[in-house]
Engineer: 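Here's a structure for you.
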Amino acid sequence: MNKDVICIYYSRTGKTERVMREIAHGLDCQLVEVHDRVARGGAFGAFRCGLDAMRRRTRAISRVESERPLWEYKLVILGTPVWGGRCSSVIRGLLKRRGYEMADVAYVITHKSEEQYREVFDQMDRYLLKPHVAEVSLRPGSTGYVFWRDQFLKACADFAGAELLPIPEELAAEANREAAASERPKTSENGSEQAAKKTDTERQ
C-alpha cells in the first residue's frame, strides 16, 4: 500500500464514496470517511445540508483514522459533494480544524448538474497554508467521467511518485448505473411522468 497518499471524504448518499473508492484503489492508498453528528437523511436532511453550506456552518466532525499524522503525507486527497455551490459543511469543518496540518492537498468534488463548480476549489483553499496541487470536478455517469478521473489520478500519482493500479470496471459501472437511475423520470400510478427534480445536495 502507498503510505504517502491518503484519501479522506464525506458522502451523504454514497455517490462521493464510490468515486473516492475508485481513486483510492487506483493509488493503492488508505481511504477514510469523516462525518458529523447531524441527521442529514431524507428531504429535511437535504434542506439542512444546503442551509449549512450557504451559511458556512460547521459542526464537530469524527476523528480522521489515519495511519500517520496528516502532515507526513505527501498528498492528502479530499472528496466532497457540492452543496448549494459550496463544498459540504463536513469537509469545510475538516479544513477549518485541520487544514493547516496538510502539506499538499488535492480536491475531488462531485455533483449532479453540468456546472463544474470551479469556484469551490478556491473556497477550500482559504483553509490551507498554500494552494492545492490537483483538482477534479466529476459528474458520475457523464460521458467524460472516466477520462477526467484518470487524468486526475495521473496528476496525483506523478506528484506523489506513486504507481497507478488499474481500476476494475465494476467500480465505475456501479456508480454510473446509480447515476443513470437517478436521472430517470418517476412515473405516477396513473402513468403520468413526474419530473425528478433534485438538488445536488439530495443526490450526492
Side-chain angles (χ1 to χ4, degrees), residues 1-11 15-34 64 66-83 85-88 90-168 171-172 175-176 179 200 204:
M1 177 176 282
N2 185 347
K3 302 292 186 180
D4 291 325
V5 181
I6 185 171
C7 288
I8 305 173
Y9 73 95
Y10 170 76
S11 182
K15 290 183 175 63
T16 304
E17 176 184 12
R18 288 177 175 84
V19 172
M20 294 300 288
R21 277 172 48 198
E22 296 173 28
I23 290 170
H25 181 92
L27 292 167
D28 191 25
C29 67
Q30 185 182 7
L31 179 64
V32 178
E33 180 181 15
V34 292
V64 178
S66 58
E67 296 178 356
R68 303 163 60 184
L70 291 181
W71 59 82
E72 290 188 4
Y73 289 94
K74 287 184 179 179
L75 185 63
V76 177
I77 302 175
L78 299 179
T80 179
V82 173
W83 290 352
R86 294 173 171 83
C87 75
S88 68
V90 179
I91 292 299
R92 183 188 293 274
L94 173 65
L95 285 165
K96 285 177 67 174
R97 292 164 177 81
R98 305 195 63 182
Y100 69 93
E101 299 178 38
M102 305 173 191
D104 289 293
V105 179
Y107 298 139
V108 179
I109 62 172
T110 62
H111 46 86
K112 194 62 181 178
S113 73
E114 297 291 344
E115 175 65 43
Q116 293 297 299
Y117 299 103
R118 298 289 179 182
E119 64 277 8
V120 173
F121 302 129
D122 294 331
Q123 296 168 12
M124 296 169 75
D125 270 354
R126 295 171 187 171
Y127 304 101
L128 301 180
L129 296 179
K130 59 181 179 180
H132 64 284
V133 299
E135 65 185 47
V136 68
S137 175
L138 295 173
R139 184 169 73 89
S142 65
T143 303
Y145 170 79
V146 172
F147 173 81
W148 291 114
R149 180 205 63 191
D150 289 351
Q151 291 294 106
F152 175 77
L153 278 168
K154 184 178 184 304
C156 290
D158 289 345
F159 181 87
E163 182 178 351
L164 280 176
L165 298 179
I167 299 176
L171 284 181
N176 289 341
D200 290 322
Q204 302 302 324

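Counting begins at 1 with the first residue of the sequence. Because the structure is predicted, anything quoted here is derived from the model rather than measured.
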Engineer: Distance from Ile167 atom CD1 to Asp150 atom CG, nearest 0.5 Å?
Structural biologist: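 Separation between the atoms: 5.5 Å.
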
Engineer: Do Arg149 side-chain atoms and Tyr145 backbone N/O form a donor-acceptor pair below 3.5 Å?
Structural biologist: no

Engineer: Determine the minimum heavy-atom distance between Glu115 and His111, stating which atoms define it.
Structural biologist: O-CE1, 3.0 Å

Engineer: Do Ile77 and Leu27 come within less than 4.5 Å of each other through their side chains, counting heavy atoms only?
Structural biologist: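 Yes, close enough: below the 4.5 Å cut-off.
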
Engineer: What distance separates Glu135 CD from Cys156 SG, expressed to the nearest 0.5 Å?
Structural biologist: 10.5 Å

Engineer: Please work out which of the three classes, parallel, tilted or perpendicular, describes the rings of Trp83 and Tyr10, given edges at 30° and 60°.
Structural biologist: perpendicular

Engineer: Closest heavy-atom contact between Phe121 and Val136?
Structural biologist: CZ-O, 3.7 Å

Engineer: Grab the two heavy atoms, one from Ala103 and one from Lys130, that are nearest each other, plus how far apart they are.
Structural biologist: O-CE, 2.8 Å

Engineer: Counting C-beta onward and ignoring hydrogens, is there a side-chain heavy-atom pair between His25 and Pro168 closer than 4.5 Å?
Structural biologist: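 In contact.
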
Engineer: Which heavy atom in Cys7 sits nearest to a heavy atom in Ile23, and how many Å separate them?
Structural biologist: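 For Cys7 versus Ile23, the nearest heavy atoms are SG-CG2, 3.9 Å.
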
Engineer: Hey, which of Ile6, Val34, Ile109, Leu94 is the one that makes side-chain contact (heavy atoms from CB on, under 4.5 Å) with Leu78?
Structural biologist: Leu94

Engineer: Is the side chain of Thr80 donor-acceptor paired with the backbone N or O of Ser88 at a distance under 3.5 Å, no angle test?
Structural biologist: yes

Engineer: Before you tell me yes or no, could you show the steps for Met20 and Glu33 under side-chain contact (heavy atoms from CB on, under 4.5 Å), namely the whole-Å CA-CA distance, both residues' side-chain angles and the distance that decides it to 0.1 Å?
Structural biologist: CA-CA 10 Å; Met20 294 300 288; Glu33 180 181 15; over 6 Å; no

Engineer: How far apart are the C-alpha atoms of Val19 and Tyr9, what are their side-chain angles, what is the distance that settles it, and do they pass the side-chain contact (heavy atoms from CB on, under 4.5 Å) test?
Structural biologist: CA-CA 10 Å; Val19 172; Tyr9 73 95; over 6 Å; no

Engineer: Taking all atoms of both residues into account, what is the closest heavy-atom pair of Gly85 and Val120, and its distance?
Structural biologist: O-CG2, 3.4 Å

Engineer: Could you check whether any side-chain heavy atom of Pro69 comes within less than 4.5 Å of a side-chain heavy atom of Glu101, counting everything from C-beta outward?
Structural biologist: no

Engineer: Is the side chain of Asn2 donor-acceptor paired with the backbone N or O of Glu163 at a distance under 3.5 Å, no angle test?
Structural biologist: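 No, Asn2 side chain to Glu163 backbone: no donor-acceptor pair under 3.5 Å.
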
Engineer: Minimum heavy-atom separation for Met102 to Val105, with atom names?
Structural biologist: CB-CG2, 3.5 Å

Engineer: Counting distance only, does the side-chain N/O of Gln30 pair as donor-acceptor with the main-chain N or O of Glu67 below 3.5 Å?
Structural biologist: yes

Engineer: Check whether Tyr73 forms a cation-pi arrangement with Arg68 (NZ or CZ under 6.0 Å from the six-membered ring centre, at most 45° off the ring normal).
Structural biologist: yes

Engineer: Check step by step if side-chain hydrogen bond (donor to acceptor under 3.5 Å, both in side chains) holds for Tyr127 and Arg92.
Structural biologist: CA-CA 8 Å; Tyr127 304 101; Arg92 183 188 293 274; 2.7 Å; yes

Engineer: How many angstroms lie between OG in Ser137 and CD in Glu119, if you round to the nearest 0.5 Å?
Structural biologist: 9.0 Å

Engineer: Determine, step by step, whether Arg98 and Leu70 satisfy the side-chain contact (heavy atoms from CB on, under 4.5 Å) criterion, reporting the C-alpha distance in whole Å, the side-chain angles of both residues, the deciding distance to 0.1 Å, and the verdict.
Structural biologist: CA-CA 9 Å; Arg98 305 195 63 182; Leu70 291 181; 3.7 Å; yes

Engineer: How about Met124 and Leu95: do any of their side-chain heavy atoms sit closer than 4.5 Å?
Structural biologist: yes

Engineer: Between Asp158 and Lys154 (salt bridge meaning N to carboxylate O under 4.0 Å), is one present in this structure?
Structural biologist: yes

Engineer: Do Asp125 and Tyr107 come close enough that some side-chain heavy atom pair is under 4.5 Å?
Structural biologist: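 Yes, their side chains come closer than 4.5 Å.
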
Engineer: Nearest 0.5 Å, please: how far is NZ in Lys3 from OG in Ser66?
Structural biologist: 11.5 Å

Engineer: Can you measure from CZ (Phe147) to CG (Leu138) and round to the nearest 0.5 angstrom?
Structural biologist: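 Going from the CZ atom of Phe147 to the CG atom of Leu138 covers 12.0 Å.
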
